[in-house]
Amino acid sequence: AFLSPFAEAASPDAYDPAVAYTPGAVVLGNDGNAYRAAAEVKGSDPVTSADGAWRLAHVAADLVLDVPGRFESIADAWAFLEGARIAESATVAIELAPGTLEHDKPLVLNHAEGSRIVIRGAGDKPEDCVLKFGGAEGIIVSSGHAIVLEKLALTSSKKDGGANGLHLQQRATATLRDCLFDNSSCTATGVSHLTATSCDVRLARAGRGGFGVQNGATAELWKCTAVSERDAKLQGGFVAYAGGTMWCVACRAEGWQFGFKAYTNSTMHLQQCIAEDNSTGASAWFSSSVNVIDCVFASNAKVGIGAYYAIVSVIGSQLTANTIAAEIIGSGYMQFLEKPSSISGSQIGIQAKAGGRADLNGGVVFKDVATRLSVGKRPGDLPVEAAIINVE
C-alpha cells in the first residue's frame, strides 16, 4: 500500500496478449512504458488501446497521443494519463490533428506531472489547430499544477462578454509557444506563473483584455502581441494588476485603451516593446512601477507613457506622434536614465501636474514638439523648474 507508482512499475512483466488481466495489474508495454489495467482486459495491447481498459502508470520513454486519432478528445487522452508518473527525461505529447475541436465546458487540466505534458498542434501555424470553447473559460490549470501548450489557437463561440482561452489560478504554471488567443484572453491569478513566446491575442469583439496577471501572479512574455481590432479603444493589451508582475521583451500592443498597464502595486518591465495606436501606450498607476528600455510609443491618442501616483523609468526610448508624450500626475515620478530618449511630433512633450515630477538626467531630444514642458496652474501644481529638472 505504501509503494509509489515508480516502485510499483519498476519491473513489471511484459504485456502478454494471452493473459487475462484484472483491474490494477501493471504491465510493461513494448514501448518501454508501464500501463495499469482499469478493467478486466485480455487481448488488448495497452500501447495502442483506446477503449478505456488501460491507463498509463509510468512513462519512461517519450510518448505521443493522437487526437482525434487514437483518442477522440483531449479529455479522453487526459483520462488515459490520470495518475501516471512521468520520468524527468520523458515527455508526453497530446498531438492535435489540424481542424477544430469544440468544447461545451472548460478543460480542467491538472496533473502532478503536467510540466512534462505538451498539448501541441500538428499544423504549420496555430490557426490550423483550433480549440473552441462555448463558455467564458477555456483551459483551466490550478492548485500548483502545470501545462505546456504549443502551436494552438484558442477561441470562444460567445457572441459578447469576455472569454479566457487560458486561466491559471492558485499557483499554477504554464509554458506557451506559438499560440493564438482569438477573441479570448490569457490570464494568470493567485501567484501563478506564465511563460509565453511568440504568442498573440487578437480581439475583434467585446471582451476582456489581452495578457493579464493579478494577485501576485507573474508573466514572462517574449515576442508576444496583443491587438484589439474594435472601433472603441477598451481594456488593456498587457496588464499587471493588484500585485502582479509582468516582464515583456519585444512585445507589441495595438488598439487598446491601455497598451501596457501596471495598476495598484504592480510591476512591469518593458524592453524593445512597441505600443502604437492606443489611447495610452504604457502607464503605471497607484504605487506601481514600469521600467522602459529601448521601446517605441507611437501615435497613441492621449499619452505615450504616463506615471499616475506611480514610478516610471525610461531609457533610450522613442516617443513619437503622441498627443502628450509623457505625463506625470500626483505623487508620480518619471526619470529618463542612462541614454537619451527622443520625443517628436507631439503637442506636449512632458506634462507634470498635481505635484508630479520628471527628471531628464539621462537626456531627452525634442523635435517638432509644440510645447516641450508643461505644468498646470492649479494650487497643487509645481512650478516648471521644480516639476521638471535637469533640462538641458
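Everything numeric in this text was worked out from a predicted model, so none of it was measured.
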Which pair of heavy atoms, one from [X] and one from [Y], lies closest together, and at what distance?
X	Y	value
Leu234	Arg230	O-NH2, 3.2 Å
Ser341	Gly316	OG-N, 3.3 Å
Ile311	Ala284	O-CB, 3.8 Å
Leu221	Cys251	O-SG, 3.5 Å
Asn183	Ser156	O-CB, 4.3 Å
Ala153	Glu127	CB-CA, 4.2 Å

Just by distance, with hydrogens left out, do [X] and [Y] show a side-chain donor and acceptor under 3.5 Å apart?
X	Y	value
Thr195	His193	yes
Glu276	Ser299	no
Asp359	Asn361	no
Asn164	Ser185	no
Asp200	Thr225	yes

Please determine whether the number of non-hydrogen atoms from other residues, nucleotides or ligands lying under 6.0 Å from atom [atom1] of [X] exceeds 12.
X	atom1	value
Leu101	CG	yes
Glu88	CD	no
Phe133	CZ	yes
Glu82	CD	no
Lys233	NZ	yes
Glu229	CD	yes

Within a strict 4.5 Å, meaning less than it, do heavy atoms of the [X] and [Y] side chains meet?
X	Y	answer
Val384	Val391	no
Trp78	Val67	no
Leu270	Asn291	no
Tyr35	Tyr21	no
Gln235	Arg208	no
Pro23	Glu40	yes
Ile86	Leu56	no
Val19	Val27	no

> Is Asp294 paired with Lys339 through a side-chain N to carboxylate O contact shorter than 4.0 Å?
Replying inline: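 Salt bridge between Lys339 and Asp294, a charged N being under 4.0 Å from a carboxylate O: yes.
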> Is Asp182 salt-bridged to Arg202, cutoff N-O under 4.0 Å?
Replying inline: yes
>> Please tell me whether Phe80 and Phe71 form a close aromatic pair, meaning their ring centres lie under 6.0 Å apart.
In response: yes
>> Are Phe286 and Tyr308 an aromatic pair, judged by ring center distance below 6.0 Å?
In response: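 No, the ring of Tyr308 stays outside the 6.0 Å limit from the ring of Phe286, centre to centre.
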Same cluster (ILVMFWY, side-chain, under 4.5 Å), [X] and [Y]:
X	Y	value
Val312	Tyr263	no
Ile350	Val303	no
Leu149	Leu81	yes

>> Rounded to the nearest 0.5 Å, what separates atom CD1 in Ile119 from atom CD1 in Ile147?
In response: 4.0 Å
> Quick one: NE2 on His103 to OG on Ser157, what's the gap to the nearest 0.5 Å?
Replying inline: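 Here the rounded value is 12.0 Å.
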>> Determine whether Asp51 and Ser44 satisfy the following criterion, side-chain contact (heavy atoms from CB on, under 4.5 Å), listing intermediate values before the conclusion.
In response: CA-CA 9 Å; Asp51 57 9; Ser44 176; 3.6 Å; yes
>> Test side chain to side chain donor-acceptor pair (under 3.5 Å) on Gln170 and Ser143; report intermediate values, then the result.
In response: CA-CA 5 Å; Gln170 302 166 358; Ser143 304; 3.1 Å; yes
> Any sub-3.5 Å donor-acceptor pair from Thr323's side-chain atoms to Ala301's backbone N or O?
Replying inline: yes
>> Treating Arg205 as the side-chain partner and Lys158 as the backbone partner, does any N or O pair qualify as donor plus acceptor under 3.5 Å?
In response: yes
> How are the rings of His269 and Trp247 set relative to one another: parallel (under 30°), tilted (30 to 60°) or perpendicular (over 60°)?
Replying inline: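 Judged by the thresholds at 30° and 60°, the geometry between His269 and Trp247 is parallel.
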> When you look at Arg120 and Arg177, which way does the side-chain contact (heavy atoms from CB on, under 4.5 Å) test go after all the steps?
Replying inline: CA-CA 9 Å; Arg120 69 188 185 203; Arg177 306 181 189 95; over 6 Å; no
>> What verdict does the side-chain contact (heavy atoms from CB on, under 4.5 Å) test give for Ser283 and Val290, after you've listed the backbone C-alpha separation in whole Å, the side-chain angles of each residue and the deciding distance to 0.1 Å?
In response: CA-CA 7 Å; Ser283 55; Val290 173; over 6 Å; no
>> Quick check on ring pair (Phe, Tyr, Trp, His ring centres under 6.0 Å): which of Tyr241, Phe260, Trp222, Phe238 does Phe211 satisfy it with?
In response: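 That would be Phe238; it is the only one of Tyr241, Phe260, Trp222, Phe238 passing the ring pair (Phe, Tyr, Trp, His ring centres under 6.0 Å) with Phe211.
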> Does the pair Leu360 and Ile388 meet the rule for a side-chain contact (heavy atoms from CB on, under 4.5 Å), with working shown?
Replying inline: CA-CA 7 Å; Leu360 279 57; Ile388 305 174; 3.6 Å; yes
